[in-house]
Each structure stands twice: as structure tokens, then as C-alpha cells.
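Indexing begins at 1, ligand by ligand and atom by atom, following the structure's order.
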Amino acid sequence: MRFVSTRGGMEPASFSDVLIEGLAPDGGLTVPETLPRFTAAELEAMRELSYPELAAKVIGVYWDDIAPEELLRLTTAAYGDQFEVQNAVRYTPLTPDFALLGLSEGPTLAFKDMAMQFLGEAIPYVLRQRARKLNLIGATSGDTGSAAEYAFRSKPGVNVFMLSPKGRMSDFQRAQMYSLTDENIHNLVVDGVFDDCQTLMKQLNGDLAYKASRSLGVVNSINFGRLAAQSVYYFWAWLRATDGLPEADRAGNQISVTVPSGNFGNLYSGFIAKRLGVPINRLIVATNENNVLDEFFRTGVYKPRSGAETFITSSPSMDISKASNLERFIYDLLADPTALRELFTALDQTGSVDLSEHLERFKSEFGISSGSSTHADRVQQISRCFAEYGVIIDPHTADGVKVAEEQRTPGEIMLVLETAKPQKFADTVTEALGKPAELTEAMQEMLLLPQRTTEIPADSAVLRNYIDTHTGIDS
Ligand SMILES: *Cc1c(COP(=O)(O)O)cnc(C)c1O
């Protein structure tokens, strides 16, 4: 399969290329040139597969420059016993037509592990083939950095330099990241806020000569490899939701999925699965008070916010000012890279774009709708889900449950993606239930481990110097 840029300025590349390059060189995002479609019989034949087998089958659609048995070896390592449950994903029916799909059984207790554990196998594999090394640099306010560090810890050929804002993360998130002692993991605590971390990362990545000479790479949510890995659990979701049906009824049985959303990577992965043939009726975007995406899907106007206009909420992994992956959806909508390039130039100049003339197609053609929640909604859903179903959900999942409840129609089979464990967000859970979710023994031990970080000022010269010292490169 060949990959091209949403902005039309990239030579077609393979999945292996896209995995280690990340961004397209023209500033666009990489997308598959075309997608095949599985038939109902092919989907049915996936029912007996284990999660690693299913992942190899689905990811194999995109990754055709690898031997199938090699890919299966990678997915088997990626979705092994570092997950709390066999087959990586926990499917929890709450009522006959309402279920949670648990995606936070991995080492960092958030859904980012579903993609990152795969990249942690796939990227070192490609690097080894090409006799290359990669220095990954990232900026995190919590979940992404942690998932990347656990995926690449002690992996050959890879160093991780992760920038996090001083004093802005929860105790749990800090303990999870900063207690890692692997030599290739560098936790750089920046004297500043998340935006300062991101600016530093962009300064280094924008310096193309520096980037090339230091083999810098990024693993943010725009890497198509992450979307490929995330599309797998939508297949799994449909298979599990239809397991109990008579065989003749399965193919015609569609599911709807509500997705707690920030950068739109998770939902877009579902959209790809739908195009690959998974019987998905609706995909529903759930946002918190940072409702850039909800606004877009309701009005057709995309208006990214500034850092100062971004709220700090109780579902912090969804606190985004712009939704990077939306560019891929707009590419599908317009089917015209030149028009897209002009649109994004206009966006830079005026701060918003208006696609309301296509609004009708969002629902009818793409099956996407949206909603949003407030802090009070999340608290209420956490306590209701505990009272009614006996399950404790985290605030991000609560965003999803709130929007799903609001949007469900009679007879619709609705799944909500559970994107984090409640232990990670103890304050809001305590507000809802009067007590936090119980910590496992492993979690308690982790909180007590010594932490190892390097503090740096928000100064790119200091960061460059640190990277050069720790990669053995003389500047
Ligand atoms: C990253 C994240 C999200 C948002 O996912 P996107 O792919 O950015 O839309 C939601 N919930 C949690 C817990 C996350 O870590």
C-alpha cells in the first residue's frame, strides 16, 4: 500500500517509511492512497482469531512491505502479557445493547498503549532492517509521553527524550514516567507549561539540518502507524458485540461507537475501520469543555483555540486547542489536495475555516456525529455507572458515556471506548464516589519508587546540548 500526503507534496511512500518519518515533508499528514474492503465472509473468518492474530491481519492491509509471519511476531510481542487481560482488550457489556470497550489494560493504564506498544515493536524492527537509529523527541502533559516511554524502554536503536511541564501532572502520572530507570529514557522536566514543551519540540523539529543530523523522530498522534494499530480494536469490538447472535444475523448487525476525543486520532481510526468494511453505523465524537471538534461536527466551522483559550478540565487528556488528525477527515471530505492546501493556508491567516456547505455529508456519508460534556456531567456519570452497573469509570470514559446516553436511539447497539483507568484520575473519582478507585499492589509499589528526572529551562540551546551529550554526537 502506498501513502501520500494530504497536501499532495510527497512521493508515495511505504508503511515502513511512514512509521519512522511521521509527518509528510510538505507539512501535511500521510494517508493511504486507497483502502480495500473486507467482505462479510472475510470478517466472519476473523471471529476465531486472537488479538495478536487479528492485529497482524488488519495491520497487514497497510503494511505490505513485511513478511506476514514477521508482522505476527511483532503483534504477538506488542499485545502480550504486559496487558492485564488476555487479548489486550476488555469487553464489558452493561446492558444488552450498551457496552464498554476497555482499552486501558496496558502498562500505562490508558488507551495510548494500544498503539504505542505496537510502535515499540514495529519501529525498532524497521530501524534494524535499515541499520538506522532514531532519537524520539516528544512533549507530553501525561498519557502520550508515558505510553511512549513504556513502549520504547530499553529498545535497541532508540532514545526517547520526553519533555514534560514542571509540576503540572498528577502524582500518579509523574510516578509512572519518572520512575523508569532505562538508560535510553530521558525525562526532561521543563520549567514552564505544556505549550513551552511543545514549542521546544517544534523548534528542534523545524530545524531540518539539525533534525537530519541527529536522526530526530516524533511519535505524536499524527503518525499513521498509531492509527493503523488503533483501527484493529474496532474490528474486535464488532466481533465481540455480535458473538452471541445467530450466524445469519451477524453481518447485518451494525454497532455505533462513542469515542472520548482530543486530537481525533482514535475516532479517525474507527472511521478507517468502517471504510475497511467493519459494520459501523455511527461514530460519535465526545469532547469535554474544549469542544473544538464538537463545534466542527455541529456547525462545519473548524476554529482551533489558542493555548490561553484552552480550559484545564477533569478529563485532561482531551484538553486540546486544535485537533491535528482532523486534517485527514477534511482530506477525505474534499478529495482534493490542492483545495485542502488552500484551506489550511487560509486557516493560518484567518484562524478558522468554514466547511458548513458539506455539513449534511458528515452524518449521511461519513456517519459521524458529536456531543460534549461538563465536569458536572462527568461526576454524575461516574456515580451513576457505579450505582447502576457496579463499574468505576474514569472521567474521559465518563465524557463518552454522557454523550452516548444522550445520542442513543432505540435498538442501536452502542459501545463506549474506555480510554483510561479510574486510578489515574483519583480526584474526580473521589468527588463522585466519596473514595478513589482501589490501587493494585503494583500501582502502590510504583508510587513509592525513586524518581529520576533532569530539570531544564525552556531554552532550546540547553535541550540541544543535552541531546548531543546523550547521543554521543559532538555539536
Ligand atoms: C489521548 C487520550 C484521549 C484522546 O484521544 P485522541 O486520539 O487524541 O482523540 C482520550 N482519553 C484519554 C485517556 C487519552 O489519553
Would you please say whether a donor-acceptor pair under 3.5 Å links the side chains of S315 and N288?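 Result is yes, a qualifying pair exists.
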
Q) Is atom CD of Q451 surrounded by more than 12 heavy atoms (other residues, nucleotides or ligands) closer than 6.0 Å? A)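 Yes, because the 6.0 Å sphere around CD of Q451 holds more than 12 heavy atoms from other groups.
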
* **D348, CG: over 12 other non-hydrogen atoms inside 6.0 angstrom** =>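 Atom CG in D348 is packed in, count exceeds 12.
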
Is it the case that ligand 1 has an N or O less than 3.5 angstrom from some N or O of [X]?
| X | answer |
| --- | --- |
| M318 | no |
| N263 | yes |
| F111 | no |
| S261 | no |
| A420 | no |

Quick one: does any side-chain atom of [X] pair with a main-chain N or O of [Y] as donor and acceptor, under 3.5 Å?
| X | Y | value |
| --- | --- | --- |
| R328 | I222 | yes |
| K402 | S372 | yes |
| S231 | A228 | yes |
| S261 | F264 | no |

Notebook entry, point to check: Out of N266, T287, N288, L103, who gets a non-hydrogen atom closest to atom 7 (O) of ligand 1?
Noted result: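 Looking at heavy atoms only, N266 sits closest to atom 7 (O) of ligand 1.
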
Quick one: nearest non-hydrogen protein atom to [atom], plus distance?
| atom | value |
| --- | --- |
| atom 11 (N) of ligand 1 | T419 OG1, 2.9 Å |
| atom 14 (C) of ligand 1 | K112 NZ, 2.9 Å |
| atom 9 (O) of ligand 1 | G262 N, 2.7 Å |

Ligand-side contact atoms (ligand 1) for residue partner [X], heavy atom cut-off under 4.0 Å:
| X | result |
| --- | --- |
| H396 | 11 (N), 12 (C), 13 (C) |
| P260 | 4 (C), 10 (C) |
| D143 | 13 (C), 14 (C), 15 (O) |
| G265 | 6 (P), 7 (O), 9 (O) |

- Task: Answer yes when R378 and E289 have at least one side-chain N-carboxylate O distance shorter than 4.0 Å, and no when they do not.
- Result: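 Salt bridge present between R378 and E289.
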
Quiz item: Relative to the ring of F297, is the ring of F362 parallel (under 30°), tilted (30 to 60°) or perpendicular (over 60°)?
Solution: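 Perpendicular: the ring planes of F362 and F297 meet at over 60°.
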
